[in-house]
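The following block contains the structure, expressed as structure tokens.
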Amino acid sequence: MSPDKPLAPLRALPRVSLMGAPSLVHRLDRFEKAIDSRGPIFIKRDDSIPFGFGGNKVRKLELVMAAAVGEDALTVITCGGIQSNHCRATAAAAARLGLDCDLVLSGARPAILTGNTRLDEMFGARLHFVPDRADRAPAMAALEKERRAEGRRPFVIPLGASTPLGAAGLALGVSEMLDAGHQPDVIVHASSSGGTQGGLLAGVVLTGLKTRVIGISADERAAPLGALVEDIERGLLHLAGSDAAPRKAEVDDSFVGEGYGIPTEASREAQTLLARSEGIVVDHTYTAKALAGLIALVRSGSLADTTSVLFWHTGGQVGVLA
Ligand SMILES: Cc1ncc(COP(=O)(O)O)c(C=O)c1O
């Protein structure tokens, strides 16, 4: 069977066009030397998706925003941390589609908006600050009610757009990678709300690859994040009408350090090495920690039997300017 066939139901889902073109995949030959890698390391450049400063969320939003449009929504509501890449990408997509956007951001309103919040405002989103992560869902529910009462037909996007529908964007990304001739033994990427890893895993299952998908956690412990990833993967396989057996999620939570967004020695090293060997930026909240995970795998020799490793760069570079 063509590897494309099991993806046909996902391809048939309504999508708005935000990606424009496949993201680039290329080899990191100077970085390989910098970390004494014996095998080739490739990178998938979702950081350089042109739309709205790019990142993995653009893939999810092609499907999720199409669902909002399909429901005739006038306003989208979503949430995240103050420097949420997901919120920034959602604000950009809402602007592109002519929708209003309410963002619930956990943390105190900064005196000066920087990085992603500055872009949120530039894209025309309304920002609502709540003290705590736990306050986000009730605040979104209250806003949903308010917008409905105003006749602004709200559509709520859960944290990170990490639903099976959003994750379908990443499964389709796997086939994009295959179309470009890349079939790595291992994919390493940053994982947080589970949609990226659930989507990549389902993509690997649907296309019949043996590729390991290793998610390096940005905050959550491995067991609950793994369970979330597997739920999304199962939901996505169901959405694709597949009865293929889901794969277990491989989540590594040993690079979080003191917590979400707090740099570690390893993330600082990863950021510096990649910037100085390749001119590519990774951020301390997500991608530098994920790259630190990849470096540790290479140095421990546990990837010695693999012929190729791919770092899926999920974006986040705006955060370094916050
Ligand atoms: C730059 C970046 N990388 C990775 C992730 C993790 O993706 P997911 O939430 O789908 O696990 C995020 C999520 O916010 C992100 O912004």
Side-chain angles (χ1 to χ4, degrees), residues 10 12-20 49-110 112-169 193-195 199 232 235-236 238-239 318:
L10 302 185
L13 292 167
R15 276 158 95 178
V16 295
S17 170
L18 301 173
M19 287 286 294
I49 291 170
F51 181 77
F53 281 86
N56 53 343
K57 306 301 177 183
V58 177
R59 295 188 183 276
K60 297 175 177 182
L61 288 166
E62 285 205 326
L63 292 124
V64 173
M65 294 301 271
V69 170
E71 288 190 16
D72 220 11
L74 294 175
T75 306
V76 290
I77 302 172
T78 196
C79 70
I82 288 211
Q83 283 298 330
S84 165
N85 299 300
H86 160 67
C87 286
R88 176 254 307 155
T90 303
R96 170 80 186 82
L97 296 167
L99 303 177
D100 289 343
C101 179
D102 283 299
L103 300 176
V104 175
L105 302 172
S106 49
R109 175 182 261 279
I112 299 171
L113 300 180
T114 62
N116 283 302
T117 42
R118 182 157 173 212
L119 293 172
D120 296 340
E121 194 179 54
M122 200 180 291
F123 292 135
R126 280 178 296 238
L127 310 187
H128 310 269
F129 293 88
V130 295
D132 218 78
R133 281 182 173 204
D135 303 321
R136 296 188 300 214
M140 287 208 296
L143 273 169
E144 183 183 14
K145 220 167 143 192
E146 203 178 309
R147 297 290 173 248
R148 200 174 301 288
E150 294 163 357
R152 298 299 302 162
R153 297 201 292 276
F155 183 93
V156 174
I157 302 173
L159 180 70
S162 282
T163 58
L165 182 65
S193 62
I232 296 170
L236 183 46
H238 180 74
L239 192 64
V318 171

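A quick note: this is a predicted structure, and the numbers were derived from the prediction, not measured.
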### Query
Considering all heavy atoms of both residues, which atom of Leu165 and which atom of Ala67 are nearest to each other, and what is their separation?
CD2-CB, 3.8 Å
Pairs of donor and acceptor atoms involving the side chains of residues 121-129, under 3.5 Å and at least two apart or interchain, shall be tabulated with distances.
{"residue": "Arg126", "atom": "NE", "partner": "Asp102", "partner atom": "OD1", "Å": "2.9"}
{"residue": "Arg126", "atom": "NH2", "partner": "Asp102", "partner atom": "OD2", "Å": "3.3"}
{"residue": "His128", "atom": "NE2", "partner": "Asp102", "partner atom": "OD1", "Å": "2.8"}

### Task
Please report the closest heavy-atom contact between Pro158 and His86, naming both atoms and the distance.
O-NE2, 4.0 Å
### Task
For Thr75 and Arg147, test the side chains for any donor-to-acceptor distance below 3.5 angstrom and give the result as yes or no.
no
### Message
In the structure I gave you, are the side-chain heavy atoms of Val76 and Cys101 within less than 4.5 Å of one another anywhere?
### Response
yes
### Task
State, without any angle test, whether Arg59 and Asn56 hold a side-chain donor-acceptor pair at a distance under 3.5 Å.
no
### Task
Measure across Val16 and Met65 and return the closest heavy-atom pair with its distance rounded to 0.1 Å.
CG2-CB, 4.0 Å
### Task
Could you tell me whether the side chain of Glu144 reaches within less than 4.5 Å of the side chain of Arg148, counting heavy atoms only?
yes
### Query
With side chains defined as the heavy atoms from C-beta onward, is the minimum distance between Met19 and Phe51 less than 4.5 Å?
no
### Query
Quick one: are Leu63 and Pro14 in side-chain contact, heavy atoms under 4.5 Å?
no
### Query
Taking the side chain as C-beta and beyond, is there a heavy-atom pair between Leu236 and Leu10 under 4.5 Å?
yes
### Minimum heavy-atom distance between Phe155 and Ala73, given as atom pair plus value
CB-CB, 3.7 Å
#### Entry: With Met140, the side-chain contact (heavy atoms from CB on, under 4.5 Å) member among Val104, Val130, Ile157, Leu159
Val104
### Task
Could you check if a side-chain atom of Thr78 sits within less than 4.5 angstrom of a side-chain atom of Cys87, using non-hydrogen atoms only?
yes
### Query
Are the side chains of Thr163 and Ile232 in touch, meaning some heavy atoms are under 4.5 Å apart?
no
### Query
Of all heavy-atom pairs between Lys60 and Ser162, which one has the smallest distance, and what is that distance?
NZ-OG, 3.0 Å
### Task
Decide yes or no for Gln83 and Thr114: does some side-chain heavy atom of the first lie under 4.5 Å from some side-chain heavy atom of the second?
yes
### Task
Can you sort out the partners of Arg153 under salt bridge (Lys or Arg N to Asp or Glu O under 4.0 Å), two or more places apart, ordered by chain and number?
Asp72
